[in-house]
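This structure is a prediction, so every number in the text was calculated from the model and none was measured. Here is how names work: the chains are called A, B, and so on, in the same order as the sequence lines, proteins then strands, and each is numbered from 1. The figures here come from the full heavy-atom set of this structure, side chains too, leaving out hydrogens, waters and symmetry mates.
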There are 2 protein chains.
Amino acid sequence: MAKQGREYGGALDQLLELTMLLSADMERGLGELGLTGPRTHLLWVVHHQGPSTQRVLADALGVSARNITGLVDALVDTGFVTREPHPTDRRATLVSLTKHGATVMTQMAADHAELAEGLFGGLGPRQFGAFVTTMTTVLDELRRRVEEAR
Amino acid sequence: MAKQGREYGGALDQLLELTMLLSADMERGLGELGLTGPRTHLLWVVHHQGPSTQRVLADALGVSARNITGLVDALVDTGFVTREPHPTDRRATLVSLTKHGATVMTQMAADHAELAEGLFGGLGPRQFGAFVTTMTTVLDELRRRVEEAR
DNA sequence: TATTGTTATACTCTATAACTATA
DNA sequence: TATAGTTATAGAGTATAACAATA
């Protein structure tokens, strides 16, 4: 029992270390591009959903509208996005990627795929399949806990 | 080939979602205790390593000495730690847990174990063992990449 | 000289509240 | 009335640089 508990704790520690290394690995290089984590997250949403109002971005990122104003200001200043008037709602603005922003995000998607290949490419098909299955189970349990706690 | 790449990407997305949920789950409740992520990280180090100089804490957390001054200031103000003179080096100060700080960290370790049990307790022994083995492999690859990138 | 920690300054991300323009 | 976004204000975490006290 005690031994089992220690093993579980060790596995959680592995996940936490992986969490930290993964964010370090991803955010490394963002600085050279003039990007930060939150700004990249915003670009990621616009890259996948297309031109979006700031209200939509606030909900997607789970932050206040005021915060989006600041992030978009910075991304306009550094040439990643533009603010355009919304075609039908004159209160709203549409945030779109510039050509530079689109280029950077396309490269980032490729890097994402390369990282995935690097992390999992060394596993056998059986081992990889079992890992995905287990991750799904663990994720479901974690989602359940987070949901229940709200 | 293309299908394989998509599968790898999906697994990486699972890991990233787990990363976000895990930090959300852990930081939930810290606010009620009057703690934040970085302050808790500092307490965690002192809890495990015992009374420590600010220099040691800066290295352990990977942040500047200035930053430690601010975190310790806040933790002293809120009653989690004390600053004591170093017995032999009059330049340095030793940061120690107060009784309250120690109580909170002991409870946090118990919560950590409970979370691990909740996440992995539903897996069979075989499945859990395979998961740990795979995590070890993936972590090694990730550590290798981070090391190589420095 | 080198190291420990602080003061000074600045930037990023975050929040709430009050306000303007529009719906 | 309600919504989209901004200005005003504040707090946390982070950094570098200059400095004081001590090693």
Problem set entry | For A:A74, all residues meeting side chain to side chain contact (heavy atoms under 4.5 Å, CB included), sequence neighbours excluded | A:R39

For this session: Using modelled atom types only, decide if a donor and an acceptor are shared between the side chain of B:T98 and the backbone of B:F80 within a distance under 3.5 Å.
Result: yes

Problem set entry | Stepwise salt bridge (charged side-chain N to carboxylate O under 4.0 Å, His left out) test for B:E148 and B:R145 | CA-CA 5 Å; B:E148 172 186 282; B:R145 294 172 70 92; over 6 Å; no

Problem set entry | Side-chain (B:S52) to main-chain (B:G50) donor-acceptor, under 3.5 angstrom | yes

Exercise. In B/S/- notation, 5' to 3', how is nucleotides 13-23 of chain D contacted by protein heavy atoms closer than 4.0 Å?
Worked result: SBBB----BBS

Exercise. Which nucleotide span of DNA chain C, 5' end to 3' end, has atoms closer than 4.0 Å to non-hydrogen atoms of chain A?
Worked result: C:dT12 to C:dA23

Exercise. Could A:E141 and A:R144 be called an ion pair, given the rule that one side-chain N must be under 4.0 Å from one carboxylate O?
Worked result: yes

Exercise. Please, which pairs that meet ring-ring contact (aromatic ring centres under 6.0 Å, His included) have at least one residue in residues 13-44 of chain A, sequence neighbours excluded?
Worked result: A:W44-A:H48, A:W44-A:H112

Exercise. Any side-chain donor paired with an acceptor under 3.5 Å for B:T93 and B:E84?
Worked result: no

For this session: Answer yes when B:R143 and A:D25 have at least one side-chain N-carboxylate O distance shorter than 4.0 Å, and no when they do not.
Result: no

For this session: Just jot down the ring pair (Phe, Tyr, Trp, His ring centres under 6.0 Å) partners of B:H47, sequence neighbours excluded, or say none.
Result: none

Exercise. Taking a hydrophobic cluster as the set of Ile, Leu, Val, Met, Phe, Trp and Tyr residues connected by side-chain heavy atoms closer than 4.5 Å, whether directly or through intermediates, do B:V76 and B:I68 fall within one such cluster?
Worked result: yes

For this session: Pull out every residue in residues 46-57 of chain A that has a heavy atom closer than 4.0 Å to any atom of DNA chain D, ordered by number, or say none.
Result: A:T53, A:Q54, A:R55

